[in-house]
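Written out below as structure tokens is the structure these notes cover.
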Amino acid sequence: MEPSNNNHFELVIDEIGKGYLAETAKWAKFLSIMGFMLCGLLLILGLVMGTAMGTMFASSQMGAGKSLIFSVGYILIAALYFLPCLYLYKFSRSMQVALKAGDLVQLDEGLKNLKSCFKFMGVLTIILLSLYGIAFLVGGIAAAFSVN
């Protein structure tokens, strides 16, 4: 790979690489569509569970609060899962177009969306691991003080 005059590396993708990218794009499209469906189910479940919990705990003073927590929790999970699914879908669409037309702009766009998907999932993983660590620390401190 020799650098060209405009500081870009010229990259040639052979037929084997194109085959791998095409198969990856197909699986990415499948997983993103399944993810969209799961987001929809989580959204519906959030609304249904919120209503069901509200009815179930209607006699208690905390019934409305519990149902709201359930609804917001499920809707938040659906919203968090929607974004990586969208990035994955955009990757698959751009990659399929790029491979059919030999379009470098679409290839770059697809790879940008794949990077965004992985970046979002990485940041979310760091946040969740941090929250688990804090919960473990608080639980340990609470357990240490409750032993007395």
Side-chain angles (χ1 to χ4, degrees), residues 1-58 62-143:
M1 287 186 261
E2 301 262 337
S4 64
N5 292 339
N6 59 3
N7 292 331
H8 286 100
F9 287 99
E10 201 169 309
L11 178 66
V12 177
I13 301 172
D14 63 1
E15 291 305 313
I16 294 171
K18 286 180 183 178
Y20 289 147
L21 285 172
E23 189 173 345
T24 301
K26 287 178 188 176
W27 280 107
K29 189 172 190 176
F30 169 75
L31 289 173
S32 65
I33 290 171
M34 290 291 111
F36 289 142
M37 290 171 44
L38 181 62
C39 287
L41 287 173
L42 284 172
L43 188 64
I44 292 168
L45 187 61
L47 297 173
V48 170
M49 286 298 291
T51 305
M53 293 291 284
T55 304
M56 196 163 61
F57 293 116
M62 296 298 288
K66 288 179 183 177
S67 66
L68 182 63
I69 289 172
F70 263 93
S71 289
V72 169
Y74 277 102
I75 292 169
L76 182 64
I77 291 169
L80 281 174
Y81 193 54
F82 179 79
L83 200 55
C85 291
L86 181 62
Y87 286 135
L88 201 57
Y89 181 77
K90 286 181 176 182
F91 158 74
S92 70
R93 189 183 60 205
S94 295
M95 190 57 62
Q96 287 174 337
V97 169
L99 292 173
K100 284 180 185 171
D103 188 353
L104 184 60
V105 174
Q106 287 295 314
L107 180 73
D108 289 343
E109 186 67 25
L111 292 174
K112 181 183 87 168
N113 282 301
L114 185 61
K115 179 222 38 127
S116 296
C117 178
F118 284 131
K119 186 176 180 180
F120 181 87
M121 294 302 290
V123 169
L124 184 62
T125 299
I126 291 169
I127 291 170
L128 289 175
L129 286 174
S130 300
L131 290 175
Y132 287 147
I134 291 169
F136 184 71
L137 185 64
V138 169
I141 291 171

Within this structure, what is the [atom1]-[atom2] distance for the pair [X] and [Y], rounded to the nearest 0.5 Å?
X	Y	atom1	atom2	result
Ser94	Leu99	OG	CG	10.5 Å
Lys26	Gln96	NZ	CD	7.5 Å
Leu45	Ile75	CG	CD1	10.0 Å

Give the minimum heavy-atom separation between [X] and [Y], together with the two atoms involved.
X	Y	value
Leu107	Ile13	CD2-CD1, 4.1 Å
Ala78	Leu42	CB-CB, 3.8 Å
Asn113	Phe91	CB-N, 3.8 Å
Cys117	Pro84	SG-O, 3.6 Å
Leu38	Tyr81	CD2-CE2, 3.6 Å
Ser32	Cys85	CB-O, 3.4 Å

Distance-only check: which donor-acceptor pairs under 3.5 Å involve side-chain atoms of residues 122-130, not counting sequence neighbours?
residue : atom : partner : partner atom : Å
Thr125  : OG1  : Met121  : O            : 2.7
Ser130  : OG   : Ile126  : O            : 2.8

Does the side chain of [X] reach to within under 4.5 Å of the side chain of [Y], using non-hydrogen atoms?
X	Y	result
Leu111	Met95	yes
Leu86	Lys90	yes
Tyr74	Leu47	no

For Glu23, all residues meeting salt bridge (charged side-chain N to carboxylate O under 4.0 Å, His left out), sequence neighbours excluded: none

Can you list the residues that meet the salt bridge (charged side-chain N to carboxylate O under 4.0 Å, His left out) rule with Lys112, with sequence neighbours excluded? Glu109

Aromatic plane relationship, Trp27 with Phe30 - under 30° parallel, 30 to 60° tilted, over 60° perpendicular: perpendicular

Using only atom types and a distance under 3.5 Å, with no angle test, would you say the side chain of Ser71 pairs donor to acceptor with the backbone of Gly46?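 Confirmed, Ser71 side chain pairs with Gly46 backbone.
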
